[in-house]
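Single-structure report; data block below.
Order of the sequence lines sets the chain letters (A, B, ...), proteins ahead of strands, with each chain counted from 1. The figures here come from the full heavy-atom set of this structure, side chains too, leaving out hydrogens, waters and symmetry mates.
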2 protein chains.
Amino acid sequence: MAPSTRARILDAALELIQQVGFTGTTVTAIEERSGLSPGSGSFYRHFRSKEDVFRAALERELERAQQYRREFERGTVEDPQAALARRFLQQLDYMAKIRPLINLLAREHGQFPDLTSRIGGILLDRGIVEEAGHLTHDLRAHVDHADPHALLTVVVSALSGYHLARQFFGHPPAEVTPERFAATLAALITSPRTADPHGTE
Amino acid sequence: MAPSTRARILDAALELIQQVGFTGTTVTAIEERSGLSPGSGSFYRHFRSKEDVFRAALERELERAQQYRREFERGTVEDPQAALARRFLQQLDYMAKIRPLINLLAREHGQFPDLTSRIGGILLDRGIVEEAGHLTHDLRAHVDHADPHALLTVVVSALSGYHLARQFFGHPPAEVTPERFAATLAALITSPRTADPHGTE
DNA sequence: GTCTATACCGAGATAGAC
DNA sequence: GTCTATCTCGGTATAGAC
């Protein structure tokens with residue numbers, strides 16, 4: 001079925017806000033991109049204001065993000081290192097899917113103070129922290145570390161940093177593919193520590 | 001000595017652009033923040049246009065960034081793990097100093113296409129890649145790894161991701177301090193690999 | 001529910017007095 | 001080098017016909 005005008009407006013607004021920001025986006029441009037006559041106020045039959053459509057688009061993306069999380073596979077843990085690498089690739093894929101949210105956060109986190117905590121709540125609390133719980137559980141049997149909390153922070157930071165570099169610059173840092181990146185990170189984590197050399201094998 | 005009007009305008013413009021973006025920043029607001037009469041065109045005695053002051057502020061920050069890099073200490077390599085951790089803390093400190101550049105990149109990288117490559121050139125080519133060279137050299141004696149290129153990408157991504165999380169959300173991920181983070185990352189790197197267990201000690 | 005037309009305001013930029 | 005005053009344009013939003 002064809003998307004409703006309201007949905008097309010949401011699409012157009014989200015796209016434009018990512019490209020030129022909230023203040024840079026004009027209602028006229030949103031109308032033009034939605035197939036409405038530019039300059040006519042037809043937009044206002046669907047949303048009360050520009051800020052209104054901005055918040056509606058944000059809420060829709062937050063809904064989608066939570067949906068993506070629910071679709072996450074929870075694979076079996078056979079080879080811990082290979083399983084970890086697959087998990088990391090899933091995380092990168094997830095971040096690619098919520099790209100609009102990350103763009104909004106990067107761009108407008110100063111303008112809308114509630115936006116930061118709203119997105120942060122979904123991304124960190126619901127997303128990463130939950131994932132961190134899984135990782136801690138799965139890894140306990142395979143990884144010894146003096147400071148598991150800090151170890152998880154390193155992992156999460158590495159995944160975020162790699163994704164953001166790709167997103168900002170259009171290509172991965174040092175042209176390292178996601179597969180190489182995930183494998184390297186997984187190998188790093190599952191190696192026994194020198195500080196605690198009574199490894200599991 | 002008191003800063004010149006031109007310098008005060010540059011300060012005001014940079015500050016405002018980080019807060020509300022380029023299109024969100026008005027010349028009137030810049031004048032007000034610079035101690036000029038808001039609404040008067042006094043701004044235009046110093047810069048030809050809003051875009052002009054934006055580019056001038058950007059160039060000034062790029063200059064400063066290169067200056068910060070020159071001040072980087074090159075410590076002696078005694079204890080490799082401790083030296084690495086110190087190096088990582090320096091990197092985080094550097095990123096904190098160039099915060100305006102990172103903000104500009106995050107915010108306006110869609111609007112000014114040349115900006116991305118310009119900042120990317122300084123940050124990546126001159127900054128991280130150069131640093132990566134040092135790391136590769138210093139670590140060769142202490143770290144064995146099958147894919148040193150990918151290992152460096154992991155390190156750089158972790159540092160970037162940790163910094164950006166702090167910058168966006170106002171506090172470090174999982175409340176892990178920079179010291180803990182750097183120490184954990186350094187320990188991770190300097191441990192011998194299982195895949196190549198003929199370590200150096 | 002989309003159009004034409006328009007009111008209103010704020011922002012970028014200029015002219016000219018001091 | 002800063003001010004007052006002003007021009008012009010573009011953007012938000014509304015009114016009313018179809």
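Of the residues in residues 39-53 of chain A, Gly39(A), Ser40(A), Ser42(A), Arg45(A), His46(A) come within less than 4.0 Å of DNA chain C through at least one heavy atom, sorted by number. Within residues 11-36 of chain A, the residues that place at least one heavy atom under 4.0 Å from DNA chain C are, in residue-number order, Leu36(A).
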Using residues 178-189 of chain B as the side-chain source, report each donor-acceptor pair under 3.5 Å to any protein atom, sequence neighbours left out, with the distance given to one decimal.
unit_1    : atom_1 : unit_2    : atom_2 : d
Arg180(B) : NE     : Asp147(A) : OD2    : 2.8
Arg180(B) : NH2    : Asp147(A) : OD1    : 2.9
Arg180(B) : NH2    : Asp147(A) : OD2    : 3.3
Thr184(B) : OG1    : Arg180(B) : O      : 2.8

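With hydrogens and angles ignored, the 3.5 Å screen pairs a side-chain donor or acceptor of Arg107(A) with a backbone N or O of Gln19(A). A side-chain donor-acceptor contact under 3.5 Å links Glu31(A) to the backbone of Ser42(A).
Under 4.0 Å is where a charged nitrogen must lie from a carboxylate oxygen, and between Asp11(B) and Arg60(B) at least one such pair does. One finds no salt bridge joining Arg64(A) and Glu59(A) here, because no Lys/Arg side-chain nitrogen approaches an Asp/Glu carboxylate oxygen to under 4.0 Å. The pair Glu51(B)-Arg55(B) counts as a salt bridge, with a side-chain nitrogen and a carboxylate oxygen less than 4.0 angstrom apart.
Taking Thr23(A) as the reference, Thr23(B) meet the side chain to side chain donor-acceptor pair (under 3.5 Å) condition, with sequence neighbours excluded.
The nucleotide range of DNA chain D contacted by chain A, defined by atoms under 4.0 angstrom from heavy atoms of the protein and reported 5' to 3', is dG11(D) to dG16(D).
For the 3.5 Å distance criterion, the side chains of Gln167(B) and Asn103(B) qualify, holding a donor opposite an acceptor. Using modelled atom types and a 3.5 Å distance limit, the side chains of Arg87(B) and Gln90(B) yield no donor-acceptor pair.
Listed by first then second residue, pairs satisfying salt bridge (Lys or Arg N to Asp or Glu O under 4.0 Å) with a partner in residues 88-104 of chain B read Asp93(B)-Lys97(B), not counting sequence neighbours.
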